[in-house]
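Some notes on the structure that comes next.
Both backbone and side-chain heavy atoms feed into the values below; hydrogens, waters and symmetry mates do not. From a predicted model like this one, the values you see are computed outputs, not experimental measurements. A, B, ... follow the sequence lines: proteins, then strands. Residue 1 opens every chain.
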Protein chains: 2
Amino acid sequence: MRDRNSGYGYCPNDEACPVEYTLDVIGGKWKGVLLYHLIEGPKRFNEFRRICPGVTQRMLTLQLRELEEDGVVHREVYKQVPPKVEYSLTDFGKTLIPIISLMKNWGETYKQSV
Amino acid sequence: MRDRNSGYGYCPNDEACPVEYTLDVIGGKWKGVLLYHLIEGPKRFNEFRRICPGVTQRMLTLQLRELEEDGVVHREVYKQVPPKVEYSLTDFGKTLIPIISLMKNWGETYKQSV
DNA sequence: CAGCATCCAAGAAGATACTG
DNA sequence: CAGTATCTTCTTGGATGCTG
């Protein structure tokens with residue numbers, strides 16, 4: 001999922017790779033949920049932990065860092081005590097909103113049918 | 001990605017889970033590409049291997065099996081020699097087309113920008 | 001509060017060889 | 001052609017303890 005270089009060298013087909021590229025950005029184990037919650041507005045670290053009790057501290061950190069690296073999420077550190085860090089969607093990240101919304105709708109519609 | 005039972009018990013938030021559920025169906029390493037190619041029409045096993053040289057035989061089998069289990073893909077075995085197996089989207093699978101298309105468009109648009 | 005470091009277990013994925 | 005089986009490697013992820 002992270003081997004952007006090796007992973008996409010394999011597939012010479014220009015029509016196929018965009019889908020895989022998109023999944024590389026949003027397909028992490030928790031990225032979908034995190035992004036979905038960020039649509040509503042900025043969130044703090046422990047806010048995520050409350051919303052999704054299943055995600056560990058470590059995973060939350062890692063997933064947020066990857067989203068940050070991909071330029072999808074902005075990490076704002078407020079220099080104060082106690083520390084406060086806020087995560088929000090970048091403008092680039094906002095371009096993903098239609099996809100996340102569609103996925104949300106699809107999930108809502110078909111979750112019970114499987 | 002496969003632990004549908006344990007994975008979703010964790011998250012009590014009904015608004016978040018649909019996204020994760022959708023990703024569980026289409027978020028596998030190769031599922032996006034496979035589904036994308038199936039939009040064009042039915043494909044055979046080795047056809048996929050030609051289109052995506054990066055996917056191993058084993059992975060291709062596993063991913064197709066999971067898509068089949070999820071009712072997204074239909075596997076038609078023609079009883080003949082040499083054997084012929086055709087994979088196609090089910091009606092249920094076709095409901096995913098809008099999502100895949102959006103992901104394709106997004107990937108095409110932003111692939112270079114990262 | 002928002003993490004990082006370390007260690008360890010479990011699972012995903014690759015390589016290779018073989019089959020109806 | 002379309003797989004299966006097995007073995008090994010690599011990556012993910014969880015648990016725990018510590019910090020500015």
Side-chain angles (χ1 to χ4, degrees), chain A residues 1-11 20 23-34 37-38 42-69 73-88, chain B residues 1-11 20 23-34 37-38 42-69 73-88:
Chain A
M1 201 63 97
R2 277 292 96 189
D3 56 344
R4 205 150 294 170
N5 290 334
S6 61
Y8 294 96
Y10 285 119
C11 189
E20 208 62 14
L23 278 173
D24 191 42
V25 175
I26 65 175
K29 190 169 182 182
W30 295 99
K31 290 182 185 177
V33 222
L34 299 183
H37 286 294
L38 284 175
K43 293 274 173 298
R44 298 179 60 174
F45 192 81
N46 279 353
E47 229 172 320
F48 280 124
R49 300 193 65 194
R50 273 191 296 278
I51 301 172
C52 301
V55 63
T56 60
Q57 222 168 22
R58 177 187 144 86
M59 275 301 101
L60 186 53
T61 305
L62 290 175
Q63 298 278 289
L64 285 169
R65 286 292 176 284
E66 290 194 359
L67 289 170
E68 203 188 342
E69 277 174 36
V73 159
H74 173 68
R75 180 167 176 267
E76 182 75 31
V77 182
Y78 297 87
K79 276 228 159 191
Q80 58 184 49
V81 184
K84 174 179 171 180
V85 178
E86 238 179 28
Y87 295 90
S88 57
Chain B
M1 201 62 97
R2 274 289 99 188
D3 57 344
R4 202 151 296 170
N5 289 334
S6 61
Y8 294 97
Y10 284 120
C11 187
E20 208 61 15
L23 278 172
D24 191 42
V25 175
I26 65 175
K29 191 169 183 183
W30 296 100
K31 291 181 185 177
V33 221
L34 300 183
H37 285 294
L38 284 174
K43 293 274 173 299
R44 298 179 61 174
F45 191 82
N46 278 353
E47 229 173 319
F48 280 123
R49 300 193 65 194
R50 274 191 295 279
I51 302 172
C52 302
V55 63
T56 59
Q57 224 166 21
R58 176 190 144 85
M59 273 302 100
L60 186 53
T61 305
L62 290 175
Q63 297 278 287
L64 285 168
R65 287 291 177 284
E66 291 193 359
L67 289 170
E68 201 188 344
E69 277 173 37
V73 158
H74 172 69
R75 179 166 176 267
E76 181 75 31
V77 182
Y78 296 88
K79 277 230 158 190
Q80 60 185 47
V81 182
K84 174 180 174 180
V85 177
E86 238 178 31
Y87 294 91
S88 57

Notebook entry, point to check: Looking only at side-chain N and O atoms, does B:Arg65 come under 4.0 Å of OP1 or OP2 in D:dG3?
Noted result: yes
Margin query: Is there a side-chain contact between A:Arg75 and the phosphate of C:dG3, meaning an N or O under 4.0 Å from OP1 or OP2?
Written below: yes
Checklist line | Proximity to the side chain of A:Tyr87 - top-ranked nucleotide from D:dA2, C:dA13, C:dG3 | finding: C:dG3
Which side-chain N or O atoms in residues 52-62 of chain B pair as donor and acceptor under 3.5 Å with protein atoms at least two apart or in another chain?
residue	atom	partner	partner atom	Å
B:Thr56	OG1	B:Met59	N	3.2
B:Thr61	OG1	B:Gln57	O	2.9

Item checked: Non-hydrogen side-chain atoms of B:Tyr87 and B:Val73 separated by less than 4.5 Å -> yes
Note to self: Tell me which one of B:Glu76, B:Arg44, B:Arg75 satisfies side chain to side chain contact (heavy atoms under 4.5 Å, CB included) with B:Val85.
What the structure shows: B:Arg75
Check: Which whole-number value in Å describes the distance from B:Leu64 CG to D:dA2 P?
Finding: 11 Å
Next item on the list: Could you tell me whether a side-chain N or O of A:Glu69 sits under 3.5 Å from a main-chain N or O of A:Glu66, the two making a donor and an acceptor?
Entry: no
Item checked: Between P of D:dA5 and CG of B:Leu62, the distance in whole Å -> 11 Å
Item checked: DNA chain D: 5'-proximal contact among A:Thr56 and B:Gln57 (nearest heavy atom) -> B:Gln57
Item checked: Shortest non-hydrogen contact between A:Phe48 and A:Lys43, atoms and distance -> CZ-CB, 3.5 Å
Checklist line | Which nucleotide in C:dC1, D:dC1, C:dG14 has an atom nearest any side-chain atom of A:Pro82 | finding: C:dC1
Next item on the list: Grab the CZ-C1' distance between A:Phe48 and C:dA2 for me, whole Å please.
Entry: 13 Å
Check: CD of A:Gln63 versus C1' of C:dA2: gap in Å, rounded?
Finding: 17 Å
Notebook entry, point to check: Just how far, in rounded Å, is C1' of C:dA12 from CG of B:Leu60?
Noted result: 16 Å
Check: Nearest heavy-atom pair of B:Lys31 and B:Leu67: which atoms, and what distance?
Finding: CD-CD2, 3.8 Å
Next item on the list: Whole angstrom is fine here: how far is it from CZ in A:Arg58 over to P in D:dG17?
Entry: 17 Å
Check: Taking only residues two or more places apart in sequence, or in another chain, which ones meet A:Pro42 in a side-chain contact (heavy atoms from CB on, under 4.5 Å)?
Finding: A:Glu86, A:Ser88
Notebook entry, point to check: Whole Å only: how far is the CD atom of A:Glu47 from the C1' atom of C:dA2?
Noted result: 13 Å
Notebook entry, point to check: A:Met59 has an atom CE; how far is it from atom P of C:dA9, in whole Å?
Noted result: 17 Å
Next item on the list: Take the C1' atoms of the five end pairs on each side of the helix from C:dC1-D:dG20 to C:dG20-D:dC1, derive the two axes, and give their angle rounded to 10 degrees.
Entry: 60°
Next item on the list: Measure from the side chain of B:Arg44, starting at C-beta and using heavy atoms only, and say which of C:dC4, D:dT4, D:dC1 lies closest.
Entry: D:dC1
Note to self: Taking the minimum atom-to-atom distance to the side chain of B:Lys84, which one of C:dA2, C:dG14, D:dA2 wins?
What the structure shows: D:dA2
